[in-house]
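Naming: A, B, ... by sequence-line order, numbering from 1 per chain.
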Amino acid sequence: MDYQKLADMLFPKIKHDCQYYFDKYPKRELPEGAEVLRIAPSPTGFIHLGNLYGALADERIAHQSGGVFYLRIEDTDTKRKVPGAVEAIISCFDYFQIYFDEGAHHQPDEGNYGPYYQKQRKEIYQTFAKRLVAEGKAYPCFCSGKQLNEIRKQQKDLNEATGYYGKWASCRNLSLEEIKTLLDKKEKFVIRMKSTGSIENQSIFYDEIKGDITVRENNQDVVIIKTDGIPTYHFAHAIDDTLMQTTIVLRGEEWLGTLPVHLELFKMLGFKLPRYAHTTVLMKIDETGTKRKLSKRKDPELALDYYRQLGYHPYAVKLYLMTLLNWNFEQWHLKNPDAHLEEFKFSLDKMGQSGALFDLDKLHNISKTYLAKFSLEEMKDFLKAYVSSQKKEKYEMYFADEEYLEQILTLGMGLNLKKRRKDYIYASQILESIDLFYHHNREDEFICDNKTAKTLLTQFIETYDYTDDNSAWFDKVKIVSAENGYAAEMKEYRANPENYRGSVADVSEVIRIAVTGRKNTPDLWTIMQILGEKEAIQRINNTIKELD
RNA sequence: GGUCCGUUGGAGAAGCGGUUUAACUCACAUGCCUUUCACGCAUGCAUACACGGGUUCGAAUCCCGUACGGGCUACCA
C-alpha cells in the first residue's frame with residue numbers, strides 16, 4: 001500500500017510538514033528545573049471545586065519552579081459546547097486569583113505557543129495525522145455508528161472485549177482503491193491509530209502522585225480525528241502538550257484508564273513523554289450515604305460560581321483546597337499563620353491518594369479564621385466588592401453611611417476586643433448577620449411569657465439613658481432583674497437557682513430580642529449605641545406595643 | 001463483565017516492618033471565662049488501621065485472596 005498516496009488523498013489541503021510546527025514553536029527558554037503545566041478545561045458551562053483544586057496544584061508547581069502556567073481550551077467536543085462557557089471559566093479563575101502566564105485567558109491569546117483553543121489548531125492536528133497515515137500508523141475508518149454498535153454486540157455475544165481492534169478493525173484492510181471509491185462517494189470517515197499493542201503486556205509506569213502503577217498496553221484502534229476533522233482528546237493531548245512543551249501533565253485520575261492510549265500515541269509520534277500526575281477526584285456523600293465523585297449534573301451547589309455568589313473569600317477557598325492538596329500544608333499554615341500560601345513548598349508527592357470528601361465545616365472554619373485577620377478597611381473592601389457585583393441594589397443601603405457600617409463591623413469583628421470574634425464566614429452571611437442594624441424583625445421567641453417580657457421591657461425603658469456607659473447600663477438591667485425576681489448576680493444565681501425566676505442573663509435576653517430580634521448577638525449595649533438613641537428606644541417601644 | 005486506582009475514629013490526614021498505649025486539623029461534648037453569642041483556655045469523645053490468610057522474633061506498614069468504594073471501558077472530555 002502506498003501510504004503517502006493515501007495520506008495525500010485524505011488530507012489534500014495540508015501543505016506543511018510536521019517540522020514546520022517544531023520550528024514555529026521553538027524550545028522554551030526556561031531556567032533549570034522550571035516546570036510547564038496547564039489547565040485544559042472543556043467549555044461545557046460548568047466548573048466546580050475539582051477544577052480549582054487541579055488548577056491550584058498546576059499553578060503552584062509551575063510558579064514555584066519558575067516555570068509557566070497556561071490555559072488551553074479543549075473545545076473539541078462541538079456537541080457539548082455551551083456559549084459563554086469560556087468567559088465563565090476565565091472569570092471564575094480570575095475571581096479565585098489563579099493567574100496564567102499564557103493562553104486563552106486574554107483576547108487575543110497571549111503567548112508564543114498558540115492558538116490555545118483546540119478548535120483553532122485543526123490544521124496542526126491534521127498535519128500530524130497525515131504523517132501518521134503516511135507512515136502506515138493510522139488509517140481512515142468508514143464504519144458508521146450503527147456498524148460499530150453491531151460489532152460491539154457481536155463481541156458481547158462472543159464474550160470478547162469490546163472495541164475496535166485487531167481482527168475487528170475491518171477498515172484496517174481497506175485497499176487504496178476501495179478507499180478512493182468511498183472518498184469519491186463523499187463517505188464520512190474518521191482517522192484511527194493502528195495499534196500495535198497487546199493487552200497481554202503489562203509494565204510499570206511511574207506517576208508523580210500515585211507512584212508505580214501497572215499499565216497494560218493499548219490494543220484499540222482509537223479514533224484520533226473525528227468526522228468533522230477535529231481531533232479527539234487523546235490526539236490533541238499528545239500534540240498540544242508536546243508542541244506547548246508541557247513538562248508535567250497534571251489531570252484528574254479519570255484519565256488513568258486511557259493512559260495506555262496516550263503512551264502508544266506518544267511512541268507512535270516519536271514524542272518524548274511528559275511526566276504525568278493523576279490527582280484524586282473530589283467526592284461528596286450522597287443522600288444514600290455513599291461516596292461519589294462530584295458531578296456537574298447532580299451537584300450544582302459545588303459549582304465554583306456558587307461560592308462566588310455566596311461571597312466566599314477566594315483566598316479562604318484556596319486555603320481550604322491547599323489543605324486537601326498537600327497534607328502538610330495545614331500544619332505549616334498553623335505555624336506560619338501570616339505567611340501567604342505561595343510561601344509554602346508545594347509538592348506532588350504529598351498529595352492524597354484517595355478521593356477526599358468535600359467538607360463544608362472545615363471550609364467555614366478556615367474562612368472564619370482567615371477573615372478574623374482582616375482589618376476594618378479590608379473587610380469593607382471585601383464587602384464592597386461583593387455587594388457591587390452580587391447585590392447591586394443594596395449598595396446604597398450599606399455604603400451610603402460608611403461610618404455607620406464601620407461601627408457595625410468593628411463590633412462584629414471584635415476589633416475592640418482582646419481576641420477577635422470569628423462570626424464572619426462569607427460575604428452574604430456577613431450581610432445577613434448585620435441585617436439587624438438595617439431592619440427590625442423578631443426572629444427569636446422570648447423565653448418568658450409576653451406579660452413578663454412586657455413588664456421587664458417597660459421598666460427597663462423607663463430607666464434607660466442613652467448616655468450611660470456600658471457598666472451603668474448593665475447596672476440598670478440588674479435593677480430591673482432584681483425587682484422582678486431575677487438574680488442580678490450570676491454567681492448567686494448559680495449557687496441558688498431555686499430562689500429565682502431566672503437570672504440577669506434572661507432579662508438581658510428579653511431586651512436583646514426586643515432590640516435586635518435575636519437571642520444571640522455581640523454586645524448589646526454597643527449595638528444600642530450604634531443604633532442611636534432614637535432607634536434603640538423606638539425598637540423597644542414597638543416591641544412593647546406588639547406584646548399587648 | 002474486563003481493567004486500573006483506592007480502603008486508618010463522623011470528615012481530612014500522618015505513620016509505610018520495632019520509642020504506636022496510632023500524630024495533627026475540623027466536627028462533636030464537657031468545664032472554665034462570661035449578661036447571650038462569638039473568642040480564648042482546658043479536658044474529653046470518638047473506644048479508627050475493611051475482612052481472611054500468609055511472610056517475620058515482630059505488620060496499620062510486605063505478599064496473596066475476598067469484600068466494598070471510585071474511575072475507565074464513546075467519533076465526551
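If you check B/rC75, B/rC76, B/rC5 against the side chain of A/Leu256, the one that comes closest is B/rC5. Distance from the side chain of A/Gln331 is smallest for B/rA23 among the nucleotides B/rC75, B/rA23, B/rU25. Closest to the side chain of A/Lys362, from the set B/rC5, B/rA74, B/rG12, is B/rG12. Nearest to the side chain of A/Ile213, among B/rC5, B/rC26, B/rU73, sits B/rC5. Of the candidate nucleotides B/rC24, B/rU35, B/rG15, B/rG15 has the atom nearest to the side chain of A/Trp327. Of all nucleotides listed (B/rC76, B/rA11, B/rA74), B/rA11 comes nearest to the side chain of A/Asp359.
Residue whose closest nucleotide on RNA chain B sits further toward the 5' end, between A/Ile230 and A/Gly257: A/Gly257.
Sorted by first and then second residue, the salt bridge (Lys or Arg N to Asp or Glu O under 4.0 Å) pairs with a member in residues 350-369 of chain A read A/Glu330-A/Lys362; sequence neighbours excluded.
Computed from coordinates, the A/Asn218 CG to B/rU3 P distance equals 16 Å when rounded to whole Å. Between the C1' atom of B/rA74 and the CG atom of A/Leu148 lies a distance of 9 Å, rounded to the nearest Å. Going from atom NZ of A/Lys418 over to atom C1' of B/rC33 covers 10 Å, rounded to whole Å. When the C1' atom of B/rA77 is taken as reference, atom CD1 of A/Ile47 falls 15 Å away, rounded to whole Å. The distance between atom CG of A/Asn365 and atom C1' of B/rA27, rounded to the nearest whole Å, is 9 Å. Atoms CD (A/Gln118) and C1' (B/rA77) sit 10 Å apart, rounded to a whole Å.
Checked against the 6.0 Å centroid criterion, the rings of A/His237 and A/Phe266 qualify as a close aromatic pair.
Remark: of the listed residues A/Thr76, A/Asp240, A/Thr232, A/Asp240 is the sole one forming a side chain to side chain donor-acceptor pair (under 3.5 Å) with A/Tyr125. The side chain to side chain donor-acceptor pair (under 3.5 Å) test with A/His278 is passed by exactly one of A/Glu208, A/Lys210, A/Arg251: A/Arg251. A ring-ring contact (aromatic ring centres under 6.0 Å, His included) with A/Tyr370 is found for one member of A/Tyr424, A/Tyr426, A/Tyr315 and no other, namely A/Tyr315.
At most 12 non-hydrogen atoms from other residues, nucleotides or ligands lie less than 6.0 angstrom from NZ of A/Lys519.
Distances shown here put a side-chain N or O of A/Lys226 below 4.0 Å from the OP1 or OP2 atom of B/rA77. Distances shorter than 4.0 Å separate none of the side-chain N or O atoms of A/Thr280 from OP1 or OP2 on B/rG70.
Using a 4.0 Å heavy-atom distance criterion, A/Ile225 is classed as making no nucleic acid contact. A/Lys156 comes within 4.0 angstrom of no nucleic acid atom, judged by non-hydrogen atoms across all strands. Among the heavy atoms of the strands, none lies under 4.0 Å from A/Ser503. Residue contacts for A/Val190: at a heavy-atom cut-off of 4.0 Å it reaches a base atom on one of the strands shown. Within the 4.0 angstrom heavy-atom criterion, no nucleotide atom of any strand lies near A/Ile199. Here A/Thr214 lies in heavy-atom contact (under 4.0 Å) with sugar-phosphate atoms only.
No donor-acceptor pair closer than 3.5 Å links the side chain of A/Glu217 to the backbone N or O of A/Val261.
Listed here is the closest heavy atom pair of A/Leu457 and A/Thr543: CD1-CG2, 4.1 Å.
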Given side-chain contact (heavy atoms from CB on, under 4.5 Å), test A/Ile230 with A/Asp75 step by step and report yes or no.
-> CA-CA 10 Å; A/Ile230 295 172; A/Asp75 52 355; over 6 Å; no
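With hydrogens and angles ignored, no donor-acceptor pair under 3.5 angstrom links the side chain of A/Lys478 to the base of B/rU35.
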Sugar-phosphate or base contact per nucleotide [nucleotides 36-43 of chain B; S, B, -; heavy atom under 4.0 Å] = BBBSS---
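Stacking between A/Trp255 and B/rC72 is absent: the aromatic ring centre is not both under 5.5 angstrom from the base six-membered ring centre and within 30 degrees in plane angle.
With A/Tyr139 as the aromatic partner, A/Arg192 does not meet the cation-pi criteria of under 6.0 angstrom to the ring centre and within 45 degrees of the ring axis.
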Pair assignment for RNA chain B - dot-bracket with | for other-strand partners, Watson-Crick or G-U under 3.5 Å | (((((((..(((.....[.....))).(((((.......))))).....(((((..]....))))))))))))....
